[in-house]
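Note sheet for the following structure.
We use all heavy atoms of the structure for the numbers below, so side chains are in, but hydrogens, waters and symmetry mates are not. Remember, predicted model here, so these are calculated numbers, not experimental data.
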Amino acid sequence: MSRAYGYASRTHHLVPEGAYQVLRRAQELEAGGRPVIHLEIGQPDYDTFENIRASGMRAIAEGQTRYTPPAGMWRLREAIAKQAGQQRGLNFDPSQVVVGPGAKPNLFFPALAIIEPGDEVIYPNPGFPTYEAMIRVAGGKPIPVPLKEENNFSFDLKALRQLVNIQTRLVILNSPSNPTGGVMPLADLEEVARLAREFNCWVMSDEIYSRLVFDDLSVPSIASLPGMMERTIIVEGFSKTYAMTGWRLGYGIMPVELAQVVELLLTHSIGCTAQFTQIAGIEALTGAQDQVAEMVREYQKRRDIIVDGLNAIPGITCQKPQGAFYVFPNIKSFGKSSSEMADLLLEKAGVAVLPGTAFGEFGEGYLRLTYSNSIENIQKAIQQIGEVVRRLRRVNMVNEYDH
Ligand SMILES: Cc1ncc(COP(=O)(O)O)c(C=O)c1O
């Protein structure tokens, strides 16, 4: 393509998120009269809690619809510093907090601020697709570290030790993880922290699911390990914890000097986050938290149902994840790619799921299902998947017999 009509090479690698492609096909089926159970999109099936909605609406009615400082309203930054600090046993200053429209800008802009062209960036694979996209846009070299089922989908530390070197500028972590729901144990975080200090690299810790954890677990943050806050960017948000995906509200917590650079990038790109959204965010953090606790209890119930249901289907094995709202079952026994299996389940079982490869090549052999759906729908989905898969196994066995 000639340069005059082409697009800059930094955009050539960009692809849509897999979830939206599956959603499009599911909607086509629905338009043709086929009902589909949606277990593909990673967002809470809850409405934003009433007190938060009321606060946002009140703010609009009162005319709080103007620009704010690019890094966010000071009151919100204070509330975030307090809550996030209490959760992690750390003291944050509000000036370390950068508010953005969703967590995504606090992935993307710190990445732009840190990565020089050619720098190596280590990131989890399977992992949230934005990591690889932002590394490449920044000109960095993406270095995937596999998340392995045998390690409960924590980082493969052996691979990490082999891959980290003096060119490594940044290590990205995500615990609890999308797409696996896996949680990194403290011992693994300690090893990552040791390597980050030894090789003098940054760590970006995407903790957006840190409050969606089960079995009374508390998820450790790498930022709370000795000498780590000065090289860590915590990425967090309101989308999952407070069912606020469409409000667009998230934040990063990082060293003040980096926060100032990220604020400049926000200044010249998004400007600021909607004022009424930020006011709703203050209510989310400072209002009653019992609805969050209730939601987490409900997710835990659904997790148990979906894990037990999948494990009861011959040929599927599924670990019990400790966080987020995803399961990542192993479907290798069927001899089909995860993409073929996802297509089959959508077309034949009427259940929309994502192939593990929507999160990178090490997701091959797995599917991602979200259980942010009703128990009734989850049970129906399990039954429909079970029927299709049992038929597939019978066909496979006949074929093997023929050979
Ligand atoms: C791991 C992870 N990080 C970040 C995000 C982005 O969140 P937000 O909607 O707040 O931008 C998501 C959303 O799916 C996610 O799964």
Side-chain angles (χ1 to χ4, degrees), residues 11-30 36-45 102-104 107-108 121 123-137 142-149 153 155-156 172-182 206 208-209 239-240 245 306 310 316-319 321 323-332 334-373 381 385 388-389:
T11 65
H12 291 178
H13 58 88
L14 293 172
V15 290
E17 274 186 41
Y20 292 102
Q21 287 168 312
V22 174
L23 179 64
R24 202 173 316 125
R25 178 64 192 140
Q27 285 170 338
E28 276 171 22
L29 290 173
E30 287 174 316
V36 173
I37 302 174
H38 291 273
L39 304 185
E40 79 280 43
I41 298 285
Q43 69 175 334
D45 57 320
K104 277 184 178 177
L107 293 170
F108 222 97
V121 180
Y123 70 106
N125 182 324
F128 188 51
T130 294
Y131 304 146
E132 189 177 333
M134 73 198 192
I135 296 166
R136 288 188 189 276
V137 168
I143 310 284
V145 166
L147 302 189
K148 289 191 173 157
E149 189 178 359
F153 295 116
F155 246 40
D156 182 348
I172 302 174
L173 307 178
N174 175 215
S175 172
S177 144
N178 177 10
T180 69
D206 182 345
I208 194 160
Y209 296 102
S239 294
K240 319 286 175 174
T245 48
I306 201 165
L310 287 167
I316 297 183
T317 55
C318 183
Q319 285 198 352
F325 38 53
Y326 309 109
V327 282
F328 206 61
N330 181 325
I331 44 93
K332 291 177 186 170
F334 299 103
K336 284 188 180 292
S337 72
S338 52
S339 170
E340 287 168 335
M341 277 302 279
D343 287 348
L344 184 83
L345 295 186
L346 179 56
E347 304 290 336
K348 302 278 186 237
V351 182
V353 305
L354 295 186
T357 43
F359 302 89
E361 72 261 37
F362 296 116
E364 186 53 272
Y366 298 88
L367 298 174
R368 191 198 77 171
L369 287 67
T370 171
Y371 46 90
S372 60
N373 206 323
I385 292 172
V388 168
V389 158

Which pair of non-hydrogen atoms, one from [X] and one from [Y], has the smallest distance, and what is that distance?
X: I172; Y: P124; result: O-CD, 3.2 Å
X: L354; Y: A19; result: CD2-CA, 3.5 Å
X: S338; Y: G363; result: OG-O, 4.1 Å
X: I37; Y: A381; result: CD1-N, 3.6 Å
X: S372; Y: I41; result: OG-O, 4.1 Å
X: A358; Y: G18; result: CB-CA, 4.3 Å

Please check: side-chain N/O of N125 versus main-chain N/O of V145, any donor-acceptor pairing under 3.5 Å? no
Report yes or no: does N174 contribute a side-chain atom to a donor-acceptor pair with the main-chain N or O of D206 at less than 3.5 Å?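 Confirmed, N174 side chain pairs with D206 backbone.
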By side chain to side chain contact (heavy atoms under 4.5 Å, CB included), S175 pairs with (sequence neighbours left out) V183, M184, V219
So, using side chain to side chain contact (heavy atoms under 4.5 Å, CB included) as the criterion, who are the partners of T130 when residues are at least two apart? E17, K104, L107, F108, F128, M134
My understanding is that only residues two or more places apart in sequence, or in another chain, count here; which of them pass salt bridge (Lys or Arg N to Asp or Glu O under 4.0 Å) with [X]?
X: K148; value: D156
X: E30; value: none
X: E149; value: none

Checking side-chain polar atoms at under 3.5 Å, does S337 have a donor or acceptor matched by the opposite partner on S339? no
How would you list all residue pairs meeting salt bridge (charged side-chain N to carboxylate O under 4.0 Å, His left out) that involve residues 357-371, not counting sequence neighbours?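 Found none.
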Under the salt bridge (charged side-chain N to carboxylate O under 4.0 Å, His left out) rule, what pairs show up with a residue in residues 127-136, not counting sequence neighbours?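 For residues 127-136, and leaving out neighbouring residues, the salt bridge (charged side-chain N to carboxylate O under 4.0 Å, His left out) pairs sorted by first residue read E132-R136.
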Where do E40 and L369 land on the side-chain contact (heavy atoms from CB on, under 4.5 Å) test, with the steps shown first? CA-CA 6 Å; E40 79 280 43; L369 287 67; over 6 Å; no
Does T317 form a side-chain contact (heavy atoms from CB on, under 4.5 Å) with K332? I'd like the steps, not just the answer. CA-CA 9 Å; T317 55; K332 291 177 186 170; over 6 Å; no
Residues forming a ring-ring contact (aromatic ring centres under 6.0 Å, His included) with [X], sequence neighbours excluded:
X: F359; value: none
X: Y209; value: F325, Y326
X: Y123; value: none
X: Y371; value: none

Once you round to the nearest 0.5 Å, how far does CG of L147 lie from OG1 of T180?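 The distance works out to 5.5 Å.
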Between CG on residue L39 and CG on residue N373, distance to nearest 0.5 Å: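 Rounded to the nearest 0.5 Å, the CG-CG separation comes out at 5.5 Å.
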Review item, side-chain donor-acceptor pairs of residues 342-351, under 3.5 Å, at least two apart:
residue: E347; atom: OE1; partner: R25; partner atom: NH2; Å: 3.0
residue: E347; atom: OE2; partner: R25; partner atom: NE; Å: 2.8
residue: E347; atom: OE2; partner: R25; partner atom: NH2; Å: 3.4

